[in-house]
Trainee: 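Questions regarding the structure given below will be posed in turn.
Computation of the quantities below employed the complete heavy-atom set of this structure, encompassing side-chain atoms and omitting hydrogens, waters and symmetry-equivalent molecules. A, B, ... follow the sequence lines: proteins, then strands. Residue 1 opens every chain.
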2 protein chains.
Amino acid sequence: MTAPRPASDNGDHQDPAARLAELGLRPTRQRLALMRLLFEDGRERHFTADQLHDEAEAAGANLSLATVYNTLKQFTSVGLLREVSVDATRSWFDTKTDEHHHFFFEEDGRLMDIDPGLVTLGKLPAAPDGSEIKRVDVVIRVAKP
Amino acid sequence: MTAPRPASDNGDHQDPAARLAELGLRPTRQRLALMRLLFEDGRERHFTADQLHDEAEAAGANLSLATVYNTLKQFTSVGLLREVSVDATRSWFDTKTDEHHHFFFEEDGRLMDIDPGLVTLGKLPAAPDGSEIKRVDVVIRVAKP
DNA sequence: TTAAATGCAAATCTTTTGCACTGGC
DNA sequence: GCCAGTGCAAAAGATTTGCATTTAA
């Protein structure tokens with residue numbers, strides 16, 4: 001939608017307002033609050049819209065769940081977040097956006113990153129005509145034996 | 001939930017009523033209608049509850065969408081179907097239940113099987129303590145270049 | 001100031017549940 | 001005939017949309 005930020009400036013630890021501006025998003029109160037929750041200090045890597053909304057309320061931010069959804073969608077489209085499709089009943093988001101894969105715990109619906117060195121793909125098919133591969137997702141579903 | 005059918009009797013082409021009985025499900029009118037839609041002649045492999053409900057209506061069966069959902073869940077739990085997590089906004093089901101992987105077309109939300117010979121996994125991590133691997137799903141997301 | 005952009009109430013869509021009723025045994 | 005098992009209306013969740021309001025420039 002908006003221009004991706006140049007590969008050169010890795011903005012991971014800069015001021016949230018500057019980072020938003022750079023991505024073409026206005027630094028509104030709501031977005032700043034979510035930015036801080038997501039990217040300051042050791043935030044959770046995997047979360048749903050609902051969980052983040054709860055955290056935001058607990059932190060004293062005042063915003064509606066709809067705004068959380070809309071903001072997550074925007075953040076995803078500019079590359080700040082990545083959506084993980086693993087659970088058909090709700091959307092999971094991930095603050096780690098580089099190529100990596102997941103364990104999914106079937107019992108409690110929790111996600112866990114897999115150390116990138118521990119999964120490798122062997123052969124991959126060519127993309128069907130007229131399309132190209134955008135991403136390869138591997139989900140390892142685990143549960144108690 | 002119910003006893004899996006012995007590996008020996010591959011019931012793929014037997015009478016739907018007998019097959020249901022074997023799986024411990026009563027052969028009700030609704031279930032029989034869905035069995036026929038799903039397993040007779042060249043049915044679609046990938047579908048959502050809503051799509052199947054539309055097909056059932058078109059075929060003259062008279063059942064509610066809730067019944068379609070409940071039935072799909074039962075069919076999945078006895079191993080007649082498999083659920084594919086690929087799209088966070090709705091559940092996809094697949095009549096092909098053996099290990100295989102998928103292309104997902106981001107533009108139109110369509111699924112396509114990948115020929116099993118064309119994807120191989122390299123290294124896999126051990127399951128986290130106290131759990132075991134239930135399934136490994138690979139989804140290759142494709143889109144127009 | 002001003003209009004593009006935002007944020008949210010309400011609508012929509014998907015899925016699950018509680019329970020009256022049925023039809024397979 | 002009878003009751004375990006069903007099927008569905010209604011409820012519950014999840015997500016999106018339309019538009020009045022805000023606010024960054």
Side-chain angles (χ1 to χ4, degrees), chain A residues 1-3 15-35 37 46-57 60-78 80-81 83-93 109, chain B residues 1-3 15-35 37 46-57 60-78 80-81 83-93 109:
Chain A
M1 210 109 292
T2 318
D15 163 52
R19 195 162 177 200
L20 283 174
E22 187 176 279
L23 293 164
L25 296 174
R26 282 201 203 161
T28 62
R29 195 189 82 244
Q30 290 84 341
R31 297 223 257 239
L32 286 170
L34 295 180
M35 281 291 275
L37 281 172
H46 306 106
F47 57 92
T48 64
D50 196 49
Q51 288 170 4
L52 183 61
H53 182 239
D54 288 352
E55 282 185 41
E57 297 230 300
N62 199 258
L63 36 61
S64 77
L65 181 55
T67 296
V68 173
Y69 271 103
N70 291 338
T71 304
L72 289 178
K73 231 166 73 166
Q74 290 164 330
F75 281 10
T76 300
S77 86
V78 299
L80 278 180
L81 296 174
E83 200 173 342
V84 186
S85 291
V86 83
D87 176 350
T89 67
R90 60 228 252 141
S91 290
W92 286 90
F93 293 87
Chain B
M1 213 109 288
T2 318
D15 162 50
R19 195 162 176 202
L20 283 174
E22 185 176 282
L23 292 165
L25 296 173
R26 283 199 201 162
T28 62
R29 195 190 84 245
Q30 290 84 340
R31 297 223 257 239
L32 286 170
L34 295 180
M35 282 292 274
L37 281 172
H46 306 107
F47 58 92
T48 64
D50 195 51
Q51 288 169 2
L52 183 61
H53 182 238
D54 287 353
E55 283 185 40
E57 296 230 300
N62 199 258
L63 35 62
S64 77
L65 180 56
T67 295
V68 173
Y69 270 101
N70 291 338
T71 304
L72 289 178
K73 229 165 76 164
Q74 291 166 327
F75 282 9
T76 300
S77 86
V78 299
L80 278 179
L81 296 174
E83 200 173 342
V84 186
S85 290
V86 82
D87 174 351
T89 66
R90 59 227 253 145
S91 291
W92 287 89
F93 293 88

Trainee: Side chain of A:A66 only, heavy atoms from C-beta on: which candidate in D:dC8, C:dG24, D:dT16 is closest?
Mentor: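 Side chain of A:A66 sits closest to D:dT16.
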
Trainee: Touch check for B:L65, heavy atoms < 4.0 angstrom, all strands: base, sugar-phosphate only, or nothing?
Mentor: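 The residue B:L65 makes base contact.
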
Trainee: Once you round it to whole Å, what is the distance between C1' of D:dA25 and CG of A:L25?
Mentor: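 Going from A:L25 (CG) to D:dA25 (C1'), I get 16 Å.
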
Trainee: Show the nearest heavy-atom pair for residues B:R31 and B:R26, with the distance to one decimal.
Mentor: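 Taking every non-hydrogen atom into account, NE-O, 3.1 Å.
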
Trainee: Can you tell me if A:Y69 touches the phosphate of D:dT15, counting only side-chain N or O atoms and a distance under 4.0 Å to OP1 or OP2?
Mentor: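 A:Y69 to D:dT15 OP1/OP2: side-chain N or O found under 4.0 Å.
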
Trainee: What nucleic acid atoms does A:N70 come within less than 4.0 Å of, heavy atoms only: base, sugar-phosphate, or nothing?
Mentor: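 Touches a base.
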
Trainee: Think B:T89 has a side-chain N or O under 4.0 angstrom from the OP1 or OP2 of D:dT15?
Mentor: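 So the side chain of B:T89 is outside the cut-off, no N or O lying under 4.0 Å from OP1 or OP2 of D:dT15.
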
Trainee: Has B:R29 got a side-chain atom pairing as donor or acceptor with B:N62's backbone, closer than 3.5 angstrom?
Mentor: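 Side chain of B:R29 to backbone of B:N62: a pair is present.
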
Trainee: Which pair of heavy atoms, one from A:V68 and one from A:A49, lies closest together, and at what distance?
Mentor: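 The answer is CG1-O, 3.6 Å.
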
Trainee: Tell me the interatomic distance from B:L23, atom CG, to D:dG5, atom C1', rounded to whole angstroms.
Mentor: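 That distance rounds to 16 Å.
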
Trainee: If I take atom CG in residue B:L32 and atom P in nucleotide C:dG24, what distance separates them, rounded to the nearest angstrom?
Mentor: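 Going from CG in B:L32 over to P in C:dG24 covers 9 Å.
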
Trainee: Quick one: label B:T71 by what it contacts on the DNA or RNA (base, sugar-phosphate, nothing), any heavy atom closer than 4.0 Å.
Mentor: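 No contact.
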
Trainee: Looking only at the side chain of A:R26 (C-beta and beyond, no hydrogens), which of the listed nucleotides D:dT23, D:dA9, C:dC8 gets closest?
Mentor: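 Nearest listed nucleotide: D:dT23.
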
Trainee: On DNA chain D, does the nearest nucleotide to A:T28 precede the nearest nucleotide to B:S64 from the 5' side, or the other way round? Give the residue.
Mentor: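 Its nucleotide being nearer the 5' end, the pick is B:S64.
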
Trainee: Need to verify one output field. Residue with the more 5' nearest nucleotide on DNA chain C, B:R29 or B:K73?
Mentor: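 Of the two residues, B:K73 wins.
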
Trainee: Could you tell me the separation between the CG atom of B:L20 and the P atom of C:dG24, rounded to a whole number of Å?
Mentor: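 In whole Å, C:dG24 P lies 12 Å from B:L20 CG.
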
Trainee: Have a look at A:T48 and say if it touches a base, only the backbone sugar-phosphate, or nothing, with a 4.0 Å heavy-atom cut-off.
Mentor: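 Contact class for A:T48: none.
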
Trainee: As an exercise, state the distance from OG1 of B:T48 to CG of B:D54, rounded to the nearest 0.5 Å.
Mentor: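 It comes to 8.0 Å.
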
Trainee: Using atom CD of A:Q30 as one end and atom P of C:dA5 as the other, report the distance to the nearest whole Å.
Mentor: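 To the nearest whole Å, that distance equals 17 Å.
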
Trainee: Just checking B:D87: base, sugar-phosphate only, or nothing, at a heavy-atom cut-off of under 4.0 Å?
Mentor: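 Contact class for B:D87: none.
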
Trainee: Counting distance only, does the side-chain N/O of A:H53 pair as donor-acceptor with the main-chain N or O of A:A66 below 3.5 Å?
Mentor: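 No; judged by distance alone, with no hydrogens or angles, the pair does not exist.
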
Trainee: Rounding to a whole Å, what distance do you find between B:L52:CG and D:dG7:P?
Mentor: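 Between P of D:dG7 and CG of B:L52: 14 Å.
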
Trainee: Please report the distance, rounded to the nearest Å, between CZ in A:R90 and P in D:dT15.
Mentor: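 Rounded to whole Å, this separation is 8 Å.
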
Trainee: Can you tell me the distance, in whole Å, between the CG atom of B:L72 and the C1' atom of C:dT15?
Mentor: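 So the CG-C1' distance, B:L72 to C:dT15, works out to 12 Å.
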
